J.: 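Below are the structure tokens for one structure; questions will follow.
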Protein chains: 2
Amino acid sequence: MNIKEVARLAGVSTATVSRTINDSEKVTWETAERVRKAIQTLRYYPNTNARALGSGRSSLYGLIISDITNPFFPELVKSFEDIAVRNGREILVANTDYDPHRTEHCVSRMLQRKVDGVAIMTTEMEPRLIEELSRREIPLVFLDTARPQGNVSTITIDYAAGIGAAIEHLYTLGHRRIAFISGSPAHKSSRARLEAFRKNMRAHKLPLEFEDIVQGDHTIEGGFRAMQQLLERKPVPQAVLCSNDLTAIGALRAVHQTKLRVPRDISLVGFDDITISGYTEPPLTTVRLPRAEIARAAFAALHTRSGRGHKREHVVQPSLVLRETTAPPADGAPAKKTRARAR
Amino acid sequence: MNIKEVARLAGVSTATVSRTINDSEKVTWETAERVRKAIQTLRYYPNTNARALGSGRSSLYGLIISDITNPFFPELVKSFEDIAVRNGREILVANTDYDPHRTEHCVSRMLQRKVDGVAIMTTEMEPRLIEELSRREIPLVFLDTARPQGNVSTITIDYAAGIGAAIEHLYTLGHRRIAFISGSPAHKSSRARLEAFRKNMRAHKLPLEFEDIVQGDHTIEGGFRAMQQLLERKPVPQAVLCSNDLTAIGALRAVHQTKLRVPRDISLVGFDDITISGYTEPPLTTVRLPRAEIARAAFAALHTRSGRGHKREHVVQPSLVLRETTAPPADGAPAKKTRARAR
DNA sequence: CTGTTAGCGCATTCAC
DNA sequence: GTGAATGCGCTAACAG
């Protein structure tokens, strides 16, 4: 079943069929109707491969993410896809699993499929691979890394503000000893969050003990184990900030395996605000990263390829979502309160 | 950049380049090496569209799921993709969102991309759409619906056994009044689970009050609201079985918003065993649906296209995972125990 | 083992 | 507004 048969049945040329498929203006409504009918009776579906080959455009946008198993990403993928579909585009999602080898494979797929643009939502990507995309002048948009220039746009997350709000919140509650469970230092996004934490702690003149920063890996299990380490410390931290929500969920479980309670004995704050965070026990106080906005900005960056007049940087502001894992520390307001006010 | 330039640089014909790309045996190692070098220096990536067009094969398998936001699916997608990649295939995932209109769009995409097979992991699909795929002799594999024949294989989930194990477990603990939170009756998978529940309740001669079966929608929020309804009943059920884990997570939250505790006052059982279920508070007792096995079976069904000698039906057995949301009922062993033993 | 050639199915000139 | 012809980049069949 191909365009030829449709043309024959409709009594027109293949060119006319092609035109009606592509909503070309210059087709009489009547002939278009005839063609449409033929398409329907033949159950004809145009071959995407041939279309892309003939036109040179794929109408495909790539979306590279690092871990589809982290609920943050499906929520992002969904938003992105919705927008793409509304704009008559398809998306090709590829998963790196934080693995350089697979990342290369992902980029290769994008290149081979001749995508019209790529949204790179993972921070781990060798310059060589970026260069590979860049040299072909494929519109690129990065989440949280690289600086805008030429064909690349950037969506920047104001980690400092987001994590700052969290720390400010804990500080106001009276917490002074705040620990942090990071992601893998191998990942730029993890490092950025950790840095934001350090910076804000310093700004509040809060102590930053080496052992109060423990490493997770942005999975539940990682958060669980990291919190177990933290719990071995005596006394335990008053509050723990987690590099993402999955980490916090694991940490929550670790605390509750002991006699301690959240937030009575330890306050806990996550980062991302995935859907499930509203339903943990207790519901997780966290910093929201607005997925829909990120998706919208990413799509716009790729779609407004013209470049002209399109700003190449979009800053998204995380926002603190207060739920029930934070409360004043059990040991009451600390002595340092005065100094804190003076900051 | 195309095959011609590579051929020119390597001093061979395009056919030879094509052969080396496709690992054809009949290319001298030396010429192949020359070609490979040319490919590398030119940073050539073969055009997938053209390859598919020329060969007639797309090396693409479609995967249709209903809700990428339900963690069950990403875990499934991941398994499926891993296997596909290992076998040199790509996958095209499409989301129906339980929407008939979008479902049609998904099928259309599959058809247009000329996929070599489709795994349909959603139970909602009009016969017309299936027919559309079927008539083109595209290998199909369904999760949990349709019966095997011709080009379609089936992966059947033994809901009765899985849910039976859960009910048996509750029954042994002493529970007699067991409620159920279903998914949307519009979805076949929901109905199947509900039916399995009914059947097993009857088998245990347990009461099945109309009001003890309340409707959710397989989301956390749906489970939350459904449980709230259940909690309005006096007395509340001794145990609640949920149609999936998200439902159970929402239900758990609803219980904990009251003075009641799980499992002290109410036992709770989920279905799916998504990763997060091991970390809820308390960890969720649930029925595991083995994702990796489903993915493996689905891929095998599509890939072993020869059909000959390949069994078209694969039954997967769910298994009960005991965690901490189930316990004997607070009101002690029920009077009916004797009768129960007699069953 | 390698080169030549003819499509694959469609979009897109360029005429009419 | 419509048709005929060309080419997109590659594979496959056929020669050699």
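Proteins come first, then strands; the chains are lettered A, B, ... in the order of their sequence lines, and each starts at number 1. It should be emphasised that the depicted structure is a prediction, and the values quoted were computed from it without experimental measurement.
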J.: Base, sugar-phosphate alone, or nothing: which one does A:Asn49 contact when heavy atoms must sit under 4.0 Å apart?
T.: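 Nothing, no heavy atom under 4.0 Å.
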
J.: For a 4.5 angstrom cut-off between non-hydrogen side-chain atoms, does B:Phe73 reach B:Ser66?
T.: yes

J.: Closer than 4.0 Å, any side-chain N/O of B:Ser13 to the OP1 or OP2 of C:dG3?
T.: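 So the side-chain polar atoms of B:Ser13 do come within 4.0 Å of the phosphate oxygens OP1 or OP2 of C:dG3, strictly under.
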
J.: Does C:dT12 have OP1 or OP2 under 4.0 Å away from a side-chain N or O of A:Arg57?
T.: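 Checking C:dT12 against A:Arg57, a side-chain N or O does come within under 4.0 Å of OP1 or OP2.
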
J.: Among B:Val35, B:Thr14, B:Val27, B:Thr31, find the one that has a side chain to side chain contact (heavy atoms under 4.5 Å, CB included) with B:Arg19.
T.: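 When side chain to side chain contact (heavy atoms under 4.5 Å, CB included) is applied between B:Arg19 and each of B:Val35, B:Thr14, B:Val27, B:Thr31, only B:Val27 qualifies.
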
J.: Does B:Asn2 make a side-chain N or O approach to OP1 or OP2 of D:dG9 shorter than 4.0 Å?
T.: yes

J.: Establish, with yes or no, whether the OP1 or OP2 oxygen of C:dC10 is under 4.0 angstrom from a side-chain nitrogen or oxygen of A:Ser18.
T.: no

J.: Using a strict 4.0 Å threshold on nitrogen-to-oxygen distance, state whether B:Asp67 and A:Lys78 make a salt bridge.
T.: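 Salt bridge: yes.
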
J.: Tell me the interatomic distance from A:Asn47, atom CG, to C:dA11, atom P, rounded to whole angstroms.
T.: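 Rounding to the nearest Å, CG of A:Asn47 and P of C:dA11 are 10 Å apart.
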
J.: If you assign B:Arg19 and A:Ala15 each to the DNA chain C nucleotide with the nearest heavy atom, which residue ends up on the more 5' nucleotide?
T.: B:Arg19

J.: Is any side-chain N or O of B:Thr28 closer than 4.0 Å to OP1 or OP2 of C:dT2?
T.: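 True: B:Thr28 side-chain N/O within range (under 4.0 Å) of C:dT2 OP1/OP2.
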
J.: Which sits closer to the 5' end of DNA chain D, A:Thr14 or A:Val27, going by the nucleotide each is nearest to?
T.: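 Its nearest nucleotide lies further toward 5', so the answer is A:Val27.
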
J.: By the 4.0 Å heavy-atom rule, please label B:Val12 as base, sugar-phosphate, or nothing.
T.: sugar-phosphate

J.: Answer yes or no: is there an ion pair linking A:Arg102 with B:Asp82, defined by an N-O contact shorter than 4.0 Å?
T.: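 So A:Arg102 pairs with B:Asp82 through a salt bridge.
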
J.: Report the distance from atom CG of B:Leu111 to atom P of C:dC10, rounded to the nearest whole Å.
T.: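 Taking CG of B:Leu111 and P of C:dC10, I get 12 Å after rounding.
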
J.: Can you tell me the distance, in whole Å, between the CE atom of B:Met1 and the P atom of D:dC10?
T.: 10 Å

J.: Using atom CD1 of B:Ile21 as one end and atom P of D:dT11 as the other, report the distance to the nearest whole Å.
T.: 6 Å

J.: Between atom CG in A:Asn22 and atom P in C:dA11, what is the gap in whole Å?
T.: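 After rounding, the reported distance stands at 5 Å.
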
